[in-house]
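Chain letters run A, B, ... following the sequence lines, proteins first, then strands; residues in each count from 1.
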Amino acid sequence: MIETAALKQAVGDLDEDLVMSLLDEFIESNPGEQETQSVVAACQEGMDIVGEYFEEGEYFVGDLIFAGELLSTAIDKLKPLLGNAETNVVGTLVLGTVEGDIHDIGKNIFRSMCEAAGFRVIDLGIDQPPEAFVKAVKENKPEIVGFSGVLTLSIDSMKRTCAALDEAGVRDGLKVTIGGNAVSAEACEFIGADYWSKNAAEAVKHCRKWVGA
Amino acid sequence: MTESVKAKQAERLDIRNKTIAGEIPKRVFIVGCYTLDMACGYAGVDLLRAHYDPELRYKAFSAVCRDFYSDSYPCEFMRFTGAYQTLGARNWVLSSTGTIQHPEIETMQPEDYDELIADPYGTIIDKLLPRVCSHLDAPASRRSMVMAKAVDCWNRYNQENNAMVAGLTEQHGYSDEFIKGNLAVAPFDFLADQLRGFKSVTMDCRRLPDKVEAAVKAITPLMVKLALANGAQPGDIALMPLHMAPYINMKTFERFYWPTFEELIIEVAKQGVGYNLFAEQDWTRYHEYLSRLPESTIIRFEEGEMKLLKETVGEKHVIAGFFDATITLTRSKEECIDEAKRILDTCAPGGRFYFALNKGIMDIKSIDVKKYQAVLDWLAVNATY
């Protein structure tokens with residue numbers, strides 16, 4: 001029987017060796033689907049600890065990248081034990097780096113954290129024009145759309161993308177969150193977004209609130 | 001150059017030199033920082049064409065020099081697109097809107113560490129460079145041709161740019177900049193940005209720590225050579241944009257970033273060459289480390305706790321930065337001037353400070369031109385001691 005509190009803390013501490021040995025022991029015990037779901041949840045809760053350490057200034061972006069990788073590896077290891085059980089999708093999010101900007105590290109951190117939190121993520125990639133976001137929103141009917149950008153030029157692109165969503169008539173009920181080095185409270189207001197953050201873990205928490213998860 | 005422009009230039013040079021020497025100049029030196037993208041946007045020049053046409057670049061940069069106050073040449077153009085494209089480079093590429101950017105690349109695999117540690121120069125030249133530059137991944141004769149063409153292309157860009165800078169400097173009476181010399185790179189940043197990639201290097205620090213440590217040590221002598229290349233002279237100031245430190249935790253910084261960074265700075269300082277460091281993002285937590293660097297290192301901060309940095313780092317070094325020009329989009333003209341005043345009030349007392357943007361303006365649409373010009377004009381008159 002796995003100690004889920006210890007696993008959660010090991011994920012939070014980014015102790016890869018301990019996480020993997022706890023999971024190996026768990027897998028050897030031939031667990032059922034329900035038990036495995038609780039272990040997946042413990043891993044996901046470990047990400048809350050990572051977010052807290054980030055907020056406290058103990059962890060930084062490099063640690064978040066490692067946390068995302070650790071969580072993906074852990075969940076991939078557990079997947080075969082989940083059989084055909086439906087994974088609980090809490091919401092859908094369309095995500096992309098806006099036009100003119102080709103940076104994707106922050107976007108990818110946010111994507112892996114959203115996926116770990118149970119979102120279905122449609123990742124459009126980098127340097128995406130407003131029309132690509134509009135098309136993806138029309139096709140996927142997400143609750144949330146996320147714009148990522150590092151360069152200051154991305155502020156104008158985000159504003160144009162927001163305006164394009166308005167013009168296309170798909171903004172009602174759709175929340176817009178922005179992230180990356182270029183964003184700020186003032187930029188958020190200027191762009192017309194609903195939320196901004198440079199802390200991916202905080203942004204994920206906010207997205208979960210939006211969808212009532 | 002007319003007598004009045006000559007006098008203006010002499011005055012600016014005096015202010016610059018006093019700022020570096022830690023003396024109190026008559027007023028604060030003001031430095032603009034504008035990219036080709038911003039200049040083209042301002043002058044109505046096609047950005048993509050300007051990458052390849054020196055006359056269009058002149059049209060764009062001369063308009064910026066004419067209309068935006070600065071005490072030194074304010075335009076930045078150092079990524080020579082044609083040369084990168086000749087090499088088939090993957091580390092500097094154009095986005096769909098024509099902005100040249102550095103994407104995340106993974107040139108080197110974990111299994112290449114041992115070879116890099118044993119022979120860093122040979123491994124970079126023979127194995128890694130052809131992976132970054134696809135046109136160098138060819139038989140020797142063709143590779144030599146590609147390299148010769150790229151060097152020729154680079155030299156042409158460089159000559160055209162130097163001529164433009166000299167002409168605009170003479171026309172506007174600019175002083176020397178706070179940069180005069182080579183581009184330098186911190187060893188850990190080189191490993192992260194050019195060899196392993198941001199993501200992979202952060203993984204390696206946890207999974208392959210001994211190899212990362214050995215690799216940054218192995219490439220440090222190459223980074224020293226790079227900083228001193230092209231016959232660097234005592235009095236030169238090498239530009240070193242710093243990247244990875246704000247994104248890693250303190251333990252990682254202390255083991256992998258700082259030791260070789262400090263070694264690089266000290267080795268280069270022995271030759272009389274100083275540094276202009278651009279501290280990307282927030283370096284506040286490293287203020288004690290920065291205070292250890294040789295006196296009068298120039299450090300431009302993107303963000304951070306300004307007062308603390310002035311009181312610690314600014315005691316010994318020349319500091320600049322903090323002003324985010326994008327605030328002109330959302331604040332009134334008076335509020336933007338107040339922000340410039342707040343920076344002056346905190347950083348100017350005691351000298352060792354010049355006014356500069358927290359980063360180069362990349363896009364004309366990221367500022368309100370009139371409000372931004374009003375800030376510069378206010379500074380030119382009021383930033384006195």
Side-chain angles (χ1 to χ4, degrees), chain A residues 13-17 20 50 53-54 56-70 73 97-109 112 125-129 132 149-160 180-191 198, chain B residues 35 37-38 41 47 92-104 192 197-207 244-253 256-257 280-282 284-285 302-303 324-331 335 357-368:
Chain A
D13 292 341
L14 304 180
D15 188 339
E16 187 176 32
D17 291 344
M20 292 307 147
V50 171
Y53 287 162
F54 184 84
E56 289 163 9
E58 194 172 326
Y59 282 172
F60 293 86
V61 171
D63 304 297
L64 294 188
I65 293 173
F66 188 77
E69 182 81 0
L70 178 61
T73 311
T97 303
V98 294
E99 189 170 40
D101 198 324
I102 62 170
H103 293 85
D104 63 358
I105 295 167
K107 171 182 72 63
N108 293 346
I109 294 172
S112 62
I126 56 172
D127 200 357
Q128 290 297 310
V150 168
L151 306 177
T152 50
L153 63 84
S154 67
I155 300 297
D156 179 64
S157 290
M158 289 185 191
K159 189 174 173 64
R160 285 189 290 108
N181 201 37
V183 307
S184 63
E186 282 170 309
C188 183
E189 194 189 333
F190 176 73
I191 288 160
K198 291 186 180 185
Chain B
T35 61
D37 307 43
M38 179 274 196
L47 172 60
W92 288 101
V93 296
L94 291 178
S95 74
S96 64
T97 51
T99 300
I100 192 157
Q101 295 170 54
H102 173 69
E104 169 83 337
F198 190 118
K199 180 182 171 184
S200 298
V201 87
T202 54
M203 301 288 165
D204 294 348
C205 288
R206 287 176 182 273
R207 289 175 177 163
M244 290 298 290
Y247 306 106
I248 55 181
N249 61 49
M250 190 57 103
K251 223 168 118 188
T252 307
F253 175 82
F256 303 108
Y257 197 100
E280 177 176 319
Q281 224 226 20
D282 188 349
T284 307
R285 66 191 156 110
E302 183 176 2
E303 30 186 273
D324 178 359
T326 62
I327 65 165
T328 55
L329 286 177
T330 50
R331 297 190 196 175
E335 286 170 332
L357 299 174
N358 73 338
K359 54 181 167 288
I361 297 177
M362 288 216 64
D363 181 9
I364 196 66
K365 290 177 194 150
S366 68
I367 60 164
D368 180 301

Asker: Quick one: list whatever passes side chain to side chain contact (heavy atoms under 4.5 Å, CB included) with B:Thr328, sequence neighbours left out.
Answerer: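 Result, side chain to side chain contact (heavy atoms under 4.5 Å, CB included) vs B:Thr328: B:Cys336, B:Ile367, B:Asp368, B:Lys371, B:Tyr372.
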Asker: Do A:Glu186 and B:Arg331 meet the salt-bridge criterion of a basic N to acidic O distance under 4.0 Å?
Answerer: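 Salt bridge between B:Arg331 and A:Glu186, a charged N being under 4.0 Å from a carboxylate O: yes.
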Asker: So which residue, B:Val201, B:Ile327, B:Thr330, ends up with the most heavy-atom pairs under 4.5 Å with chain A?
Answerer: B:Thr330
Asker: Side chain, backbone, both or neither: which part of B:Glu104 has a non-hydrogen atom closer than 4.5 Å to chain A?
Answerer: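 When you check distances to chain A, only side chain atoms of B:Glu104 fall under 4.5 Å.
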Asker: Does the side chain of A:Leu70 come within less than 4.5 Å of A:Met20's, by heavy atoms?
Answerer: yes
Asker: Which answer fits A:Asp101, side chain, backbone, both or neither, if we ask what part of it has an atom under 4.5 Å from a heavy atom of chain B?
Answerer: both
Asker: How far does CG of B:Asp37 sit from CG of B:Asp363, to the nearest 0.5 angstrom?
Answerer: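 B:Asp37 atom CG to B:Asp363 atom CG measures 7.5 Å (nearest 0.5 Å).
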Asker: Picking from B:Thr326, B:Thr99, B:Val93, B:Leu329, which has the most non-hydrogen pairs under 4.5 angstrom with chain A?
Answerer: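 Sorted descending by pairs with chain A, the first entry is B:Leu329.
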Asker: For the candidates A:Ser154, A:Gly62, A:Ala187, A:Ala182, which exhibits the highest count of non-hydrogen atom pairs separated by less than 4.5 Å from chain B?
Answerer: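 Highest number of pairs under 4.5 Å: A:Gly62.
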Asker: Are a donor atom and an acceptor atom from the side chains of A:Thr97 and A:Asp104 found within less than 3.5 Å of each other?
Answerer: no
Asker: Can you tell me which of A:Ile155, A:Ile102, A:Ile109, A:Asp63 forms the most heavy-atom pairs within a distance under 4.5 Å of chain B?
Answerer: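 When all of A:Ile155, A:Ile102, A:Ile109, A:Asp63 are compared, A:Ile102 has the most.
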Asker: Look at the aromatic rings of A:Tyr53 and A:Tyr59 and report parallel, tilted or perpendicular, splitting at 30° and 60°.
Answerer: perpendicular
Asker: Among B:Met38, B:Lys251, B:Arg207, which residue has the highest count of heavy-atom pairs closer than 4.5 Å to chain A?
Answerer: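 Looking at each of B:Met38, B:Lys251, B:Arg207 in turn, B:Arg207 comes out on top.
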Asker: What part of A:Leu14 lies closer than 4.5 angstrom to a heavy atom of chain B: side chain, backbone, both or neither?
Answerer: both
Asker: Who wins among A:Gly57, A:Gly100, A:Gly68 for the most heavy-atom pairs under 4.5 Å with chain B?
Answerer: A:Gly100
Asker: So what's closer than 4.5 Å to chain B heavy atoms on A:Glu58: side chain, backbone, both or neither?
Answerer: backbone
Asker: With sequence neighbours left out, write down each residue that passes side chain to side chain donor-acceptor pair (under 3.5 Å) with B:Thr252, or none if nothing qualifies.
Answerer: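 Counting only residues at least two positions away or on another chain, B:Thr252 forms a side chain to side chain donor-acceptor pair (under 3.5 Å) with B:Asn249.
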